[in-house]
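The structure appears below as C-alpha cells.
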Amino acid sequence: MFILFTEIAFAQKEQSGFIQNFYIVGPFQGKSLSDSPVVDEKNLSPATGAVEGKVWKEYNFTDKKLNLHEAFGYGENIYGYAYVEINSSEEKFVKLLVGSADGVKIWVNGRNVLRDASARALHLDEDKLNIQLKPGINKILFKINNLYGGYEFAARITTQDGKEIPDLTYNPKNIYLKRLVPVKVIASSVQ
C-alpha cells in the first residue's frame with residue numbers, strides 16, 4: 001500500500017465572508033484596551049511602519065478564526081493589532097460581524113466603532129456592527145487583548161441580511177492556502 005499526498009486548495013473569504021488574511025503586529029504588554037504603544041493609535045497601519053520595533057507581518061490562515069497565541073506566541077495581559085483594507089466599488093452599508101477572546105476595539109477609516117473590554121471566550125459573530133464602506137479603500141484596524149486563556153479573533157463582512165459580498169477586494173489579498181491531504185492508493189503489484 002502506498003500513501004500519496006495531494007494538494008487541496010482552500011478558498012478564502014469568498015466562501016464564507018470571513019476575513020482570513022490580515023497584517024498583524026504584536027504582542028505588546030498591557031491588559032487594558034486603553035494601553036497603547038503610540039499616540040495616534042487609530043491610524044496605525046503597515047504604512048506607518050514598525051510599532052515599538054515590531055514589524056507588521058502578513059498572516060494567512062484556513063480556519064474561520066485567527067489563533068493569536070499561534071501568531072504572536074503565548075502570553076497573558078497582552079494585546080496586538082490586525083489590519084485589513086477593503087476596496088469597495090461604491091458606497092455600501094454592510095454588517096461587520098466579530099468575535100474575540102478577550103476584548104476588542106475596532107476602527108473603520110479612523111473612527112472607533114466598537115470597544116468591548118470583556119474577558120470572554122470567542123463566539124463567532126458575537127458583536128454585530130452596521131458600518132458604512134465608502135467607495136475605494138476602507139481601512140479597518142482591530143485591537144485584540146488577552147487577559148488569560150484563549151486568544152482568538154474572527155471577523156467577517158456580509159450584506160445586511162447575512163449574505164457574502166462578492167465584489168469587495170481585500171489587502172492583503174485573499175489567497176488560496178494549500179494543505180497536503182493524504183490519499184490512500186492500494187497497488188496489487190509494482191511494475
Side-chain angles (χ1 to χ4, degrees), residues 12-26 28 30-36 38 40-48 56 58-61 63-68 71 78-147 150-174:
Q12 294 295 317
K13 185 267 338 151
E14 292 84 16
Q15 291 184 349
S16 64
F18 283 91
I19 304 168
Q20 294 177 297
N21 304 311
F22 291 93
Y23 293 108
I24 62 171
V25 66
F28 302 97
K31 56 180 159 180
S32 169
L33 287 173
S34 298
D35 295 335
S36 176
V38 295
D40 193 21
E41 182 179 43
K42 69 181 181 181
N43 291 315
L44 274 178
S45 76
T48 60
W56 291 89
E58 187 173 339
Y59 197 82
N60 305 297
F61 56 102
D63 198 3
K64 293 176 182 176
K65 63 186 179 194
L66 174 58
N67 181 332
L68 292 165
I78 59 173
Y79 62 91
Y81 297 92
Y83 175 88
V84 66
E85 292 177 350
I86 300 174
N87 192 351
S88 179
S89 59
E90 60 189 18
E91 180 179 45
K92 290 182 184 355
F93 290 90
V94 299
K95 282 227 184 267
L96 174 59
L97 304 159
V98 178
S100 65
D102 288 307
V104 63
K105 191 172 183 181
I106 304 170
W107 295 267
V108 176
N109 295 321
R111 188 174 141 253
N112 182 228
V113 295
L114 177 70
R115 183 181 189 283
D116 186 330
S118 302
R120 62 185 182 176
L122 174 95
H123 296 285
L124 297 178
D125 302 346
E126 184 169 16
D127 298 309
K128 296 168 179 61
L129 306 164
N130 293 312
I131 64 168
Q132 178 181 0
L133 296 179
K134 64 182 184 178
I137 303 293
N138 294 271
K139 300 174 181 182
I140 303 182
L141 178 68
F142 302 88
K143 180 180 188 178
I144 310 99
N145 74 331
N146 184 54
L147 301 174
Y151 191 24
E152 300 172 312
F153 165 71
R156 64 187 185 118
I157 301 278
T158 68
T159 62
Q160 292 297 318
D161 59 353
K163 295 181 180 149
E164 62 182 276
I165 307 170
D167 65 334
L168 298 179
T169 58
Y170 293 76
N171 179 25
K173 292 185 183 349
N174 291 324

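Here, residue 1 is the first one in the sequence, and each next residue gets the next number.
Contact detail for Arg115 and Ser34: the closest heavy-atom pair is NH2-OG, 3.1 Å. Across all non-hydrogen atoms, the minimal contact from Lys64 to Leu124 is CD-CD1, 4.2 Å. Closest approach of Arg156 to Gly17, counting heavy atoms only: CB-O, 2.8 Å. Of all the heavy atoms in Leu44 and Tyr81, the pair that sits closest is CD1-CZ, 3.6 Å. The shortest heavy-atom contact between Val94 and Thr158 is CB-O, 3.4 Å.
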*With side chain to side chain contact (heavy atoms under 4.5 Å, CB included) as the test, would you mind laying out the steps for Leu133 and Leu168 before giving the verdict?*
CA-CA 10 Å; Leu133 296 179; Leu168 298 179; 4.1 Å; yes
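Between the side chain of Lys143 and the main chain of Leu33, a donor-acceptor pair closer than 3.5 Å is present. Using modelled atom types, no side-chain atom of Asn130 and backbone atom of Lys95 make a donor-acceptor pair closer than 3.5 Å. Gln20 places no side-chain N or O within 3.5 Å of a backbone atom of Asn60 that could act as its donor or acceptor partner. With hydrogens and angles disregarded, a donor-acceptor distance shorter than 3.5 Å links the side chain of Tyr151 to the backbone of Ile144. Judged purely by atom type and a 3.5 angstrom limit, Asn112 uses its side chain to pair as donor or acceptor with the backbone of Ile106. In this structure, the side chain of Asn146 does not engage the main chain of Ile78 through any donor-acceptor pair within 3.5 Å. Side-chain N or O atoms of Arg120 include one that pairs as donor or acceptor with a backbone N or O of Ser100 at under 3.5 Å.
Applying side chain to side chain donor-acceptor pair (under 3.5 Å) to Lys92 and the options Asp167, Thr159, Asn138 leaves one that passes, Asp167. The only member of Leu141, Asn171, Ile140 that meets side-chain contact (heavy atoms from CB on, under 4.5 Å) when paired with Val84 is Ile140.
Ring pair Phe22/Phe142 is perpendicular by interplanar angle, where above 60° counts as perpendicular and below 30° as parallel. Ring planes of Tyr83 and Trp56: perpendicular class, angle over 60° (limits at 30 and 60°).
Between Asn21 and Tyr170 the shortest side-chain heavy-atom distance does not fall below 4.5 Å.
Here OH of Tyr79 is found 15.0 Å from CG of Asp102. Values are rounded to the nearest 0.5 Å. Note that CD of Glu85 and NZ of Lys173 are 10.0 Å apart. Values are rounded to the nearest 0.5 Å. In this structure, the separation between CG on Asn87 and OG1 on Thr169 is 4.0 Å, given to the nearest 0.5 Å. Taken from CG in Leu66 to CG in Leu122, the straight-line distance is 10.0 Å, to the nearest 0.5 Å. Here the NZ-CG distance, from Lys134 to Asn109, works out to 4.5 Å after rounding to the nearest 0.5 Å. Considering CD1 of Ile86 and CD1 of Ile157, their distance stands at 4.0 Å, rounded to 0.5 Å.
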